[in-house]
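Working notes, structure below.
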Protein chains: 2
Amino acid sequence: MVNIQQGTEEKILSAAKTVFHRKGYEGARMQEIADEAGINKALLHYYFRSKERLFEAVFSDAFTQLMGQAKEIFFSEKPLNDKIQSFLTHYLDVITENSYIPWFILNGMYERPGQMKTIFEQSEINPLQLMEHLRAQIRKEYHSDVNPLHVWLNILSLCIFPVVAKPLIREIFQLPEEVYQQILDQRKTEVPRFIANALKAYENPEENIHNESSREENS
Amino acid sequence: MVNIQQGTEEKILSAAKTVFHRKGYEGARMQEIADEAGINKALLHYYFRSKERLFEAVFSDAFTQLMGQAKEIFFSEKPLNDKIQSFLTHYLDVITENSYIPWFILNGMYERPGQMKTIFEQSEINPLQLMEHLRAQIRKEYHSDVNPLHVWLNILSLCIFPVVAKPLIREIFQLPEEVYQQILDQRKTEVPRFIANALKAYENPEENIHNESSREENS
DNA sequence: ATAAGGTTTAACCGATTGGTCAAAATTATA
DNA sequence: TATAATTTTGACCAATCGGTTAAACCTTAT
């Protein structure tokens with residue numbers, strides 16, 4: 001009984017993931033999800049009560065899949081260069097299987113902002129601890145007091161944006177899928193190198209508003 | 001007659017922009033656009049025939065507004081550092097008035113990929129020329145043969161992603177609107193500096209697949 | 001064999017949606 | 001002033017949508 005029950009529920013989640021990932025909450029149709037799962041539409045409500053709850057289940061899974069391992073990577077003791085390369089490798093592996101995941105997560109923040117809050121509360125990410133860890137690492141490896149939030153934003157930007165913007169960039173440059181994939185593969189080494197070079201030459205910025213507003217610590 | 005006609009059409013475009021920017025194609029309602037414009041819903045079809053055509057008109061305007069001046073900036077003879085700062089200043093000014101524009105454009109590529117093609121064909125962007133211009137400039141200013149597409153992707157990533165991901169980052173870090181705005185303002189100088197530092201120390205990558213696949217030119 | 005519980009289904013519902021239309025109102029022209 | 005052209009409107013349409021329900025079916029327990 002348990003096996004059969006989990007079978008249907010997991011089929012629904014897998015189908016919902018496929019449809020929500022490509023079309024977002026508003027664009028997804030419950031009938032399409034049911035068709036994808038090979039079941040009657042009423043079963044969607046039997047197991048998940050509503051479209052919204054089904055979406056939240058899918059979003060939570062996606063966020064965990066993308067950011068869960070990122071936490072381990074960034075809290076490890078590896079050099080920053082290695083961390084970035086590990087994160088990019090992990091991230092691009094996730095993207096290979098779920099190419100819509102970054103757009104899906106960003107889109108979820110726009111379509112259902114209120115509902116996403118509880119998912120982050122459950123994600124156990126401690127951003128301030130992450131910033132402190134990053135700050136200490138930058139000091140040790142690059143002798144710089146740069147605001148770690150900017151560095152972290154730069155790392156995320158360089159890793160995630162080229163994937164999210166893939167349809168746009170491919171259209172502008174008329175690039176085939178496999179050429180763009182090669183470019184993304186190259187970035188596994190390009191991005192860590194770019195960041196390492198930037199940090200090597202970094203000078204302390206004149207002011208540091210993030211520190212002023214969130215944590216009183218200065219050295 | 002002409003004045004009155006343009007008045008209604010422009011009211012529709014302004015209202016459509018407001019609604020499409022926030023809710024995307026699927027989430028926007030024609031009745032809501034009509035309400036926003038203060039007119040009867042049938043007029044939307046009288047002037048634009050369909051929801052899709054109205055969306056395309058709005059998308060085209062948005063793309064021109066965001067990337068039109070970027071072309072001038074990047075084809076100018078200014079130093080690269082100044083170009084990036086100008087682009088960021090322009091970009092953040094556009095964002096101040098239309099905060100959803102970057103997401104709207106990226107999202108448009110996912111929601112209506114087919115329809116966006118004609119808009120790029122009309123945009124008169126010559127990406128290969130832009131890449132050559134950038135390559136020459138990097139050689140002259142930084143004595144590097146780095147693939148300009150990577151540099152350009154890096155510039156776009158660092159400029160655009162923090163705006164697109166604003167809801168996500170603010171949620172993760174629990175940042176108030178004005179604190180995040182200050183962070184974005186800081187990036188007007190942080191990003192050009194980060195890029196300049198990275199380029200100063202750049203070493204030529206071992207392989208260069210973009211060149212292999214699109215242009216046979218090597219030095 | 002029967003009962004209970006869980007799963008599944010076809011049919012249905014009310015609400016919403018993009019789009020249409022004939023007529024009225026307004027504006028422009030002769 | 002009369003007519004033509006354009007703009008605007010209220011009413012309406014068919015299709016779609018998320019969700020519900022009673023009944024049938026299947027599995028498990030007694």
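Proteins get letters first, then strands, A, B, ... in listed order; numbering begins at 1 in each. The figures here come from the full heavy-atom set of this structure, side chains too, leaving out hydrogens, waters and symmetry mates.
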N or O in side chain of Y46(A) less than 4.0 angstrom from dG19(D) OP1/OP2: no

Integer-rounded Å distance: dG6(C) P and L43(A) CG: 15 Å

Candidate pair L134(B) and L130(B), rule side chain to side chain contact (heavy atoms under 4.5 Å, CB included), full reasoning: CA-CA 6 Å; L134(B) 187 56; L130(B) 176 62; 5.5 Å; no

Show me the protein contacts with nucleotides 21-25 of chain D, counting only N or O atoms at under 3.5 Å.
none

Phosphate OP1/OP2 of dT8(C): any T8(A) side-chain N/O under 4.0 Å: yes

Between P of dT7(C) and CD1 of I39(A), the distance in whole Å: 12 Å

Straight-line distance of L149(A) CG to I169(B) CD1, nearest 0.5 Å: 8.0 Å

Close aromatic pair by centroid cut-off 6.0 Å: F104(A) and F55(A): yes

Test item: E56(B) and R112(B) side chains (from C-beta on) under 4.5 Å apart, heavy atoms: no

Counterpart residues, salt bridge (Lys or Arg N to Asp or Glu O under 4.0 Å), relative to E177(A) (two or more places apart): K166(A), R170(A)

Produce the list of close N/O pairs, under 3.5 Å, pairing protein atoms with atoms of nucleotides 17-19 of chain C; give distances to one decimal.
unit_1: dT17(C); atom_1: OP1; unit_2: R29(B); atom_2: NE; d: 2.3
unit_1: dT17(C); atom_1: O5'; unit_2: R29(B); atom_2: NE; d: 3.3
unit_1: dG18(C); atom_1: OP1; unit_2: A28(B); atom_2: O; d: 3.3
unit_1: dG18(C); atom_1: OP1; unit_2: K51(B); atom_2: NZ; d: 3.0
unit_1: dG18(C); atom_1: OP2; unit_2: M30(B); atom_2: N; d: 3.0
unit_1: dG18(C); atom_1: N7; unit_2: K41(B); atom_2: NZ; d: 3.2
unit_1: dG19(C); atom_1: OP2; unit_2: H45(B); atom_2: NE2; d: 3.1
unit_1: dG19(C); atom_1: OP2; unit_2: K51(B); atom_2: N; d: 2.8
unit_1: dG19(C); atom_1: O5'; unit_2: H45(B); atom_2: NE2; d: 3.3
unit_1: dG19(C); atom_1: N7; unit_2: K41(B); atom_2: NZ; d: 2.8
unit_1: dG19(C); atom_1: O6; unit_2: K41(B); atom_2: NZ; d: 3.0

Atom-to-atom span, CG of L44(A) to P of dA10(C) - whole angstrom: 14 Å

P162(A) vs Y180(A) side-chain heavy atoms within contact, under 4.5 Å: yes

Near-ring test F74(B)/H133(B), centroid separation under 6.0 angstrom: no

Rounded distance in Å - OH (Y47(A)) to P (dG18(D)): 20 Å

Distance, rounded to the nearest Å, where F48(A) contributes CZ and dG18(D) contributes P: 16 Å

Interatomic distance where CD1 belongs to I12(A) and P belongs to dT9(C) [whole Å]: 10 Å

Euclidean distance, atom CD of residue E32(A) to atom C1' of dG19(D) [Å, nearest integer]: 18 Å

